[in-house]
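The structure under discussion appears below in the form of structure tokens.
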Amino acid sequence: MTKVFLGGTCNESDWRDRLIPMFEMDYFNPVVDDWTPDCMAEELRQRESCDFCLYTITPRMTGVYSIAEVVDDSNKRPGRTLFCVL
């Protein structure tokens, strides 16, 4: 089954909550309540193993880390990286 990594804006943005119910595929949501080094390691593993990495940027974005991630993945996995700006 196809699996998609859901990267991009956090900050209480609800784009993931609206998108996930429409999926007929597996997904990895990296948003957790308590970010730990283990969470970071799992996120990196998922970015590498998922069939697609979807990065969605919304007006709630306050940092630039998601931009760095999408640039990194678009270079490492150009055929599997999707970028959306809302």
Side-chain angles (χ1 to χ4, degrees):
M1 175 175 264
T2 300
K3 187 172 185 180
V4 63
F5 172 83
L6 301 175
T9 303
C10 296
N11 294 342
E12 299 179 13
S13 180
D14 68 351
W15 70 268
R16 288 176 184 86
D17 297 330
R18 292 186 288 153
L19 185 63
I20 289 171
M22 294 185 267
F23 279 168
E24 294 182 9
M25 68 185 89
D26 199 6
Y27 63 90
F28 177 77
N29 182 352
V31 177
V32 296
D33 291 332
D34 184 26
W35 188 252
T36 67
D38 288 340
C39 295
M40 178 63 149
E42 181 62 16
E43 178 176 317
L44 291 173
R45 189 180 76 70
Q46 292 289 334
R47 283 173 55 198
E48 291 178 10
S49 66
C50 283
D51 298 295
F52 295 97
C53 291
L54 169 64
Y55 292 93
T56 301
I57 303 303
T58 77
R60 290 189 173 266
M61 185 180 96
T62 57
V64 296
Y65 190 73
S66 291
I67 300 298
E69 285 181 316
V70 73
V71 168
D72 186 44
D73 280 343
S74 67
N75 283 297
K76 291 179 180 173
R77 295 172 273 285
R80 297 180 3 202
T81 303
L82 307 163
F83 184 57
C84 174
V85 177
L86 298 178

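Side-chain heavy atoms closer than 4.5 Å link hydrophobic residues (I, L, V, M, F, W, Y) into clusters, and following such links, even through other members, never connects F5 to M22. Put simply, M25 and L82 are part of the same group of oily side chains (I, L, V, M, F, W, Y) that touch within less than 4.5 Å, one to the next. One hydrophobic cluster, built from ILVMFWY side chains closer than 4.5 Å, cannot hold both V64 and V85; they sit in different ones. Tracing side-chain contacts under 4.5 Å through hydrophobic residues (I, L, V, M, F, W, Y), one never reaches Y55 starting from F23; they form parts of separate clusters.
Here the CZ-SG distance, from R45 to C50, works out to 8.5 Å after rounding to the nearest 0.5 Å. The CG atom of L6 sits 10.5 Å away from the CD atom of Q46 when rounded to the nearest 0.5 Å.
For R16 (side chain) and N29 (main-chain N/O), no donor-acceptor pair under 3.5 Å exists by modelled atom type. At least one donor-acceptor pair under 3.5 Å links the side chain of R80 to the backbone N or O of E48. When atom types are taken as modelled, the side chain of T58 and the backbone of T9 share no donor-acceptor pair closer than 3.5 angstrom.
In plain terms, the two heavy atoms of L86 and P59 that are nearest each other are O-CD, 3.5 Å. Closest non-hydrogen pair, G8 versus S66, comes out as O-OG, 3.2 Å. Contact detail for C53 and D73: the closest heavy-atom pair is SG-OD2, 3.7 Å.
Looking at heavy atoms from C-beta onward, I57 lies out of side-chain contact with V70 at the 4.5 angstrom threshold. The shortest side-chain heavy-atom distance between V4 and T2 does not fall under the 4.5 Å cut-off. The shortest distance between side-chain heavy atoms of L19 and L54 falls below 4.5 Å.
Under the ring pair (Phe, Tyr, Trp, His ring centres under 6.0 Å) criterion, F83 pairs with no residue, sequence neighbours left out. Residues forming a salt bridge (charged side-chain N to carboxylate O under 4.0 Å, His left out) with K76 (at least two apart in sequence, or on another chain): D72. By the side-chain hydrogen bond (donor to acceptor under 3.5 Å, both in side chains) test, N11 is found to be paired with T62, residues two or more places apart in sequence or in another chain being considered.
Heavy atoms of other residues, nucleotides or ligands lying less than 6.0 angstrom from CZ of F28 number more than 12.
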